[in-house]
Protein chains: 2
Amino acid sequence: MANIDDVAKKAGVSKSTVSRVLLGGNKVKPSTKERVLKVIEEMNYSPNTAARTLAAGKSHNIGVISSYTLNDPFYSAAGEEIYHVCGEMGYSTLFVINRTDKNEHKDPIALLHGKVDGFLFMGDNSVTKEQLEKLTKMELPTAVFKTGEWIPGIIQADTDNIDGACRGTEYLIRLGHRRIAILTGKENYYESIDRMKGYQKALEENHIRFESELVFPGQFSYDKARNLAKEIIASRATAVFCFNDVMAHGFIQGAGECGYRVPEDISVLGYDNIMFSNYDSYVHLSTVKQPIKEMSAYLVRALIAQIEDGQPPVQKIFPTKISEKETTR
Amino acid sequence: MANIDDVAKKAGVSKSTVSRVLLGGNKVKPSTKERVLKVIEEMNYSPNTAARTLAAGKSHNIGVISSYTLNDPFYSAAGEEIYHVCGEMGYSTLFVINRTDKNEHKDPIALLHGKVDGFLFMGDNSVTKEQLEKLTKMELPTAVFKTGEWIPGIIQADTDNIDGACRGTEYLIRLGHRRIAILTGKENYYESIDRMKGYQKALEENHIRFESELVFPGQFSYDKARNLAKEIIASRATAVFCFNDVMAHGFIQGAGECGYRVPEDISVLGYDNIMFSNYDSYVHLSTVKQPIKEMSAYLVRALIAQIEDGQPPVQKIFPTKISEKETTR
DNA sequence: CTGAAAGCGCTTACAG
DNA sequence: CTGAAAGCGCTTACAG
């Protein structure tokens with residue numbers, strides 16, 4: 001495979017000059033530039049990025065490490081946006097799958113070290129606290145999505161789950177609902193815990209008694225929600241607040257199978273604002289909206305600001321919004 | 001950030017020795033190995049992969065270039081398997097999104113050149129023929145999924161779409177169906193064209209007249225299929241053969257909305273054998289099964305065989321199988 | 001506008 | 001079992 005010396009020789013210039021036309025910035029006499037370009041074309045030359053990265057000390061790549069396989073609806077939206085914003089800013093993305101709970105592959109940090117200028121983690125279990133601390137020690141710019149706790153030296157974007165769930169519940173109360181069932185997330189997840197707190201807070205503030213028989217363990221699962229639908233309807237709830245959209249769709253499906261209609265028979269409020277499944281859905285779900293795109297863009301920009309200008313790591317809590325569509329009344 | 005010289009100095013050895021303990025293969029006296037390891041740990045040292053790749057001339061990485069954003073059901077299954085098999089064989093994967101029809105990012109080949117030992121493309125438009133030819137010229141091992149045509153020097157896995165559709169149609173005929181509607185794919189896609197040929201072939205062999213009013217343009221789309229359901233049922237077809245599973249699910253949804261049941265009122269056969277949406281589905285779809293996993297594993301193994309042992313590029317056509325589930329009778 | 005030279009951080013024969 | 005040295009293919013001051 002041709003390298004820079006071959007090109008230089010054939011074009012009758014030094015490799016410095018070849019490098020300059022490749023990099024674009026420095027002035028090269030148009031005629032020699034043209035000649036070099038022609039040789040590059042002819043020889044099918046493509047610079048070795050490992051050498052380039054090593055010599056320049058920067059790769060213009062961001063490593064995106066996800067615990068999700070390629071198809072989580074929340075994080076695939078985030079991944080798309082990360083990819084776009086990186087592109088705009090002249091960076092490429094290298095996606096790596098990592099689950100800290102399995103152990104099939106080597107440490108993604110080791111894998112990418114030297115290949116990327118910064119790390120962006122998304123998804124539960126995509127990174128351990130130890131790994132983050134190691135990254136900080138190594139002074140490698142790092143951003144993470146939604147960890148639930150503030151880690152010094154790390155760029156973070158999160159939403160306030162207590163506030164989001166509180167607003168969601170209040171919204172349902174404002175619509176006149178008093179028996180509001182909830183479909184909860186996985187236990188131990190801080191999102192589940194905080195959303196539960198938000199729900200309880202809203203009830204309290206509106207003097208509605210919390211009833212544990214209205215709490216259904218949905219585990220963030222479509223199928224669990226679908227299977228629980230009958231039971232939830234039997235609880236005489238007039239609305240069900242699902243702690244993610246996936247469960248909301250599962251519930252709607254299950255309710256439909258029992259002959260119930262949404263929102264005529266029961267209102268459904270989701271959480272996340274994902275595009276459900278890979279295809280447009282006819283169900284226009286009312287939901288508590290997390291600004292995935294804004295959060296993603298924020299992380300990328302902050303990361304690149306740290307890489308290029310040494311800006312200190314920042315964090316931001318993003319507000320949620322109620323997106324009122326067709327499943328509530 | 002510490003480099004190999006820092007480690008060597010602190011451990012009182014040469015960097016050759018540090019390199020040896022890092023690589024693992026060569027014999028290093030246990031006591032010095034231990035000492036070096038301790039220093040590595042202390043200094044939080046992690047070798048620069050760009051330098052390593054450059055020096056060793058190999059990266060032990062496979063670049064996986066997909067035209068799909070992170071959530072196509074067919075290719076996410078493939079991606080998973082690629083990831084696993086690579087892991088088994090000591091390779092890591094770098095995922096890059098590329099659509100040749102857009103042009104936001106730089107050429108993924110340039111992006112990954114020097115970072116990976118081989119390329120694996122998946123998805124329509126993930127790579128152009130020119131790019132493949134360039135890769136061949138550069139002697140970079142390359143594998144592609146389902147291109148529909150044989151390109152010399154490229155490792156390929158595909159299925160026979162004519163045969164698959166023919167068998168699918170025959171299967172329905174054997175069940176007693178005579179009026180078999182089809183929901184076709186995007187025009188111009190070789191899969192669509194070949195599956196259509198297979199359908200016609202099966203009809204012919206069974207002396208059933210082809211009727212163009214039984215052909216519905218589904219475009220591989222869930223929504224299109226859902227919207228066409230009423231019309232298809234009105235055509236008095238007793239079975240509908242969908243050229244992908246996504247449309248089959250869309251049809252079933254649409255039929256359900258019109259009050260029709262599958263398979264009581266109409267049989268439905270899909271094509272692909274994907275896990276529909278990101279969640280388990282209660283619909284157990286009968287389908288023409290493409291062995292995605294086997295194909296993925298085949299590509300990876302062939303690619304690594306070429307990288308490591310200089311094996312010549314191979315190609316294989318995989319057989320499809322009818323997977324009889326609950327939507328046909 | 002251009003070239004010679006040093007250096008990026010590793011690996012790997014070679015010699016001992 | 002270990003070290004000195006060359007080399008991987010680039011970039012980037014420095015000098016002209």
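Order of the sequence lines sets the chain letters (A, B, ...), proteins ahead of strands, with each chain counted from 1. Basis for what follows: all heavy atoms, side chains included, without hydrogens, waters or symmetry-related copies.
Applying the ring pair (Phe, Tyr, Trp, His ring centres under 6.0 Å) definition to pairs two or more places apart or across chains, those involving residues 127-146 of chain B are Tyr75(B)-Phe145(B).
When the salt bridge (charged side-chain N to carboxylate O under 4.0 Å, His left out) test is applied to Lys10(B), the partners found at least two apart in sequence or on another chain are Glu42(B). Remark: Asn48(A) pairs with no residue by the side-chain hydrogen bond (donor to acceptor under 3.5 Å, both in side chains) rule, at least two apart or across chains.
Judged purely by atom type and a 3.5 angstrom limit, Ser59(A) uses its side chain to pair as donor or acceptor with the backbone of Asp117(A).
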Given Watson-Crick and G-U pairs under 3.5 Å, DNA chain D in dot-bracket ([ ] crossing, | other strand) is |||.||||||||.|||

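A heavy-atom distance below 4.5 Å is not found between the side chains of Leu94(B) and Val64(B). Side chains of Ile4(A) and Ser19(A) form a contact here, defined as non-hydrogen atoms less than 4.5 Å apart. Contact of the Leu120(B) side chain with the Val300(B) side chain is registered, since non-hydrogen atoms from C-beta on lie closer than 4.5 Å. Using a 4.5 Å heavy-atom cutoff, the side chains of Tyr45(B) and Asp6(B) are not in contact.
Of all nucleotides in DNA chain D, those with any atom nearer than 4.0 Å to a heavy atom of chain B start and finish, going 5' to 3', at dC1(D) to dG9(D).
Here the separation of dA6(D) from dT2(D), taken at their P atoms, is 23 Å to the nearest Å.
Nucleic acid contact for Thr32(B): sugar-phosphate only, since backbone atoms but no base atoms lie under 4.0 Å from a heavy atom of the residue. Here Leu22(B) lies out of heavy-atom contact (under 4.0 Å) with every strand.
Taken residue by residue, residues 13-21 of chain B places heavy atoms nearer than 4.0 Å to DNA chain C at Lys15(B), Ser16(B), Ser19(B), Arg20(B).
Comparing Ala51(A) and Gly12(B) against DNA chain D, the residue whose closest nucleotide sits nearer the 5' end is Gly12(B).
No side-chain donor-acceptor contact under 3.5 Å links Tyr189(B) and Asn161(B).
The two atoms that bring Cys86(B) and Ile62(B) nearest to each other are SG-CG1, 3.9 Å, heavy atoms only.
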